[in-house]
Amino acid sequence: MEVRYDMLVNGKLTRGSRTLDVVDPATAEVFAACACASREEIEDAVTASAAAFPTWSATSLDERRAVLIKMAEAIETNLESIARTLTSEQGKPIGDAQGEVGGAAYFLRYYAGLEIPVEMIEDSEARRIELHRRPLGVVAAIVPWNFPVLTAVNKVGAALITGNTVVVKPAATTPLATLQVAALWRDIVPAGVANIVTDKNDLGDVLTSHPLVRKVSFTGSTTTGMKVMASGSNTLKRMTLELGGNDSGIVLDDCDPDIVSQQLFDSAFTNNGQVCIALKRLYVHDSQYDAICSKLAEIANATIVGPGSQQGTQLGPVQNRVQFDKLKTLIEETRTAGTIIAGGDSPEGPGYFINPTIVRDIPDNARLVTDEQFGPVLPVMRFSDLDDVVARANDSSFGLGNSVWSSDSERAGAVAAQLDSGTVWINKHGDIGPDTPFAGAKMSGVGIEMGMHGLLEFTQAKVINFSKPVSA
Ligand code: NAD
């Protein structure tokens with residue numbers, strides 16, 4: 001059956017007044033077109049969402065749970081087909097796409113299982129003070145292109161279970177799988193409660209400045225996050241901004257290169273390095289430096305790069321032309337700044353492919369080290385002094401995640417305590433899940449996503465303060 005990629009607005013699938021072409025990054029050619037909204041059509045989605053809010057916010061938690069479970073089931077039933085679409089537009093290997101789509105359903109089920117607590121602040125003879133949580137209203141959920149389905153569904157799950165309504169906007173290069181999900185949800189979610197609109201990377205500000213939008217849940221680059229915050233300031237919108245990162249990994253002198261190298265490689269290259277919490281700068285103790293560089297190069301050279309739809313592919317193409325060109329320029333600069341010991345080139349043929357690239361002997365002030373590369377290129381630096389490497393890792397405007405690698409977890413924990421980021425992993429990198437709060441420090445974000453802390457960011461705190469009758 002041919003899949004139509006329509007938007008979901010006020011319970012109806014709609015073509016919109018524009019058309020958006022979508023490129024397969026494995027061929028660099030347009031392979032599909034989908035519905036695309038005008039400014040007025042995005043405003044219509046916000047209006048529909050605001051109109052649906054009073055009824056949806058008055059439903060019981062159990063009613064909302066039931067809807068979320070059905071939304072998850074619809075995704076699970078159509079997992080294979082959504083994953084194929086995701087691979088075609090995003091580039092990731094089909095197994096990874098299946099993991100992302102299955103993960104989206106898992107996140108919905110997690111949110112469906114949560115309680116929204118009433119907290120008792122005081123219950124004394126004189127008074128009772130309760131802290132309730134109320135929904136905010138219309139939530140704008142703005143999503144990037146690296147994990148389009150999971151990121152969108154995570155925001156929708158948290159928004160809906162807390163009684164908000166939502167307007168989702170995927171990135172312009174990866175709208176299709178999200179629109180496929182929208183079609184499945186049409187008959188499950190009441191009209192206007194979940195709306196999904198697309199743009200050409202030109203209308204996000206309609207959502208972030210709209211007076212009826214009460215919260216923005218944004219995932220994307222720091223540069224855009226700053227614009228989003230400014231645009232929401234006139235109406236004092238609540239904001240969760242999950243932004244860029246330049247995560248470091250610090251490998252101490254007691255690590256076995258044979259044990260850690262594969263894990264380090266996977267931490268940096270999963271999803272082709274296009275992960276906010278990918279390992280993006282690796283610092284290795286002098287005593288292990290040569291061995292780990294060699295191992296990483298060996299693994300990179302053995303990695304199978306190809307179309308995500310092809311059996312056996314481990315790394316697909318980079319997602320879009322802009323990112324591909326940026327990475328190619330960065331690699332060219334790196335030829336003089338450091339020593340490329342694996343990759344640095346692209347396989348023959350079309351598509352935005354880059355072979356996994358390992359760079360050694362590169363100074364900390366090279367752009368590959370200071371900037372977020374967001375692609376399959378890893379710089380590996382040497383250190384000999386722990387205090388010095390902690391200072392180097394912290395010398396970044398970003399603060400999303402860091403990791404410490406050691407056979408002595410107490411020792412690693414002491415280093416972790418000194419790192420300035422929202423998360424520090426020990427002997428792993430990038431482990432997140434719906435129950436674990438995820439927050440960016442410094443320029444990596446504002447607020448928390450996921451877990452109970454993340455859920456509460458979709459609510460307004462409301463105190464009810466009772467005076468107790470004075471007994472006779
Ligand atoms: P981006 O900031 O260019 O775009 C993200 C989204 O914002 C897209 O939907 C885009 O259309 C929209 N947008 C663009 N301009 C806007 C505006 N003025 N107002 C409102 N919305 C606007 O990011 P990207 O290139 O799609 O994604 C890559 C970036 O996302 C990387 O920096 C990465 O680290 C970051 N990211 C962060 C996390 C996290 O959780 N911290 C997760 C994934 C990706």
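When reading the values below, keep in mind they use all heavy atoms of this one structure, side chains included, and skip hydrogens, waters and symmetry mates. One-based numbering, in listed order, for ligands and for the atoms of each. Since we're looking at a predicted model, the values are computed, not measured.
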Contact check, [X] vs ligand 1, heavy-atom distance below 4.0 Å:
X: Ala171; answer: yes
X: Phe438; answer: yes
X: Pro170; answer: yes

Looking only at distances, can you tell me whether any N or O atom of [X], backbone or side chain, sits closer than 3.5 Å to an N or O atom of ligand 1?
X: Thr222; result: no
X: Ser444; result: no
X: Asp199; result: no
X: Lys169; result: yes

TODO: Kindly assign one of parallel, tilted or perpendicular to the pair Phe324 and Tyr352, based on the angle between their ring planes and the thresholds 30° and 60°.
DONE: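 Ring orientation of Phe324 relative to Tyr352: tilted.
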TODO: If the plane angle is over 60° it's perpendicular, under 30° parallel, otherwise tilted; pick one for Phe269 and Phe265.
DONE: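 Parallel, since the angle between the ring planes stays under 30°.
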Task: Salt bridge present between Lys428 and Asp431 (N-O < 4.0 angstrom) - done: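 Salt bridge: yes.
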Task: Check: Lys155/Thr219 side-chain N/O donor and acceptor closer than 3.5 Å - done: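 The answer is yes; a qualifying pair exists.
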Open item on the list: Within the 3.5 Å criterion, strictly below it, is a donor on Trp405 or Ser403 matched to an acceptor on the partner's side chain?
Closed with: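 Looking only at side-chain atoms, Ser403 and Trp405 do form a donor-acceptor pair, the distance falling under 3.5 Å.
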Task: Nearest protein heavy atom with distance in Å, relative to atom 39 (C) of ligand 1 - done: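 Of every protein heavy atom, Cys276 SG, 3.2 Å lies nearest to atom 39 (C) of ligand 1.
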Task: Shortest non-hydrogen contact between Arg133 and Ala461, atoms and distance - done: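 In terms of heavy atoms, the two residues are closest at NH1-CB, 3.9 Å.
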TODO: Find all atoms of ligand 1 within a distance of less than 4.0 Å from any non-hydrogen atom belonging to Val228, and give their numbers and elements.
DONE: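 Checking each atom against Val228, I get 19 (N), 20 (C).
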